[in-house]
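Here the structure is laid out as structure tokens; the discussion comes afterwards.
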Amino acid sequence: MDNLIYLDSHAHAFSDDFDEDRMEMIQRAKDKGVILLNIMCTSTEEAYRAMEYAETDPAHIRVSCGIFPTDVNDLTPEKKQEFIRVMKDPRCTCVGEIGLDYYWEKDEAMRAKQRELFIEQIHLANELQKPICVHSRDAMQDTFDIMKEHRCHGLMHSFSGSAEMGREFVKLGYYLSLGGPVTFKNARHAREVVSSMDVNYLLSETDSPYMAPEPVRGTRNEPSNIPYIVARMAECRNMEVTELAPVIVNNWQRFLEMR
Ligand SMILES: [Zn+2]
């Protein structure tokens with residue numbers, strides 16, 4: 001049990017929230033076996049710092065950068081070019097998080113702009129032969145329709161759709177990453193997804209610093225909390241953690257090889 005290796009496919013490890021103790025936080029994760037880390041960057045400044053760090057351990061640490069859906073509102077052409085430069089950088093593994101957020105955006109014209117930017121970034125990812133990490137909030141059907149029409153290789157981060165919807169994404173070859181909500185008492189959906197989906201498309205994430213799982217819910221989340229999440233996932237599937245953790249690690253390797 002002590003020797004298990006874990007994946008955190010979505011951690012904002014270079015956000016300001018960790019400025020005080022970033023290296024200690026990463027060490028705490030390593031001590032728990034959470035050595036596979038995908039660092040999500042929502043700004044280019046963050047991405048350059050993360051990419052520099054990732055060079056110290058490229059086998060385990062990955063960096064993702066993309067234009068977050070609601071950032072379309074004040075996106076200048078210069079800013080967009082800066083993002084594209086980072087996405088093209090060989091040290092940037094995935095394009096993301098990109099997608100649609102209708103929770104924070106109620107205006108239909110701006111939602112249309114989000115869809116346009118999402119499609120544009122999917123095309124760029126395809127050109128670069130990189131996978132995408134997708135953020136979808138209150139916009140599952142539109143997200144699905146776009147990813148069905150504009151096929152690519154990618155994962156749904158913090159998947160919040162129904163089990164049925166989850167299976168539809170998996171049918172198209174997309175992976176589903178789940179986090180803290182699987183441990184929440186009221187999150188029946190997330191557990192149904194975990195228990196009924198093809199286990200070979202399942203990934204684990206924290207979404208640090210957000211979404212801390214039980215029993216540390218409400219605190220600043222960090223990658224060292226992954227074991228709580230994977231333990232709960234294993235329980236949902238009537239599996240041992242010792243069985244499930246290696247499957248998730250294997251899924252991540254396959255995801256990176258774009259298979
Ligand atoms: Zn995120």
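All ligand and atom numbering here is 1-based and tracks the order in the structure. The figures that follow rest on heavy atoms only: side chains count, while hydrogens, waters and symmetry mates do not.
Below 30°, between 30° and 60°, or above 60°: for H157 and H135 the angle between ring planes is between 30° and 60°, a tilted geometry.
With sequence neighbours excluded, the residues forming a salt bridge (charged side-chain N to carboxylate O under 4.0 Å, His left out) with E168 are K171, listed by chain and number.
If you look at Y53 and F14, their ring centroids are closer than 6.0 Å. Here the two rings, on H153 and F255, have centers that are under 6.0 Å apart.
Note on the Zn ion (ligand 1): protein N, O or S atoms under 2.8 Å away count 3, no waters included.
A salt bridge links E108 to R115: at least one charged side-chain nitrogen sits closer than 4.0 Å to a carboxylate oxygen.
Side chain of D21 to backbone of E24: no donor-acceptor contact under 3.5 angstrom is found.
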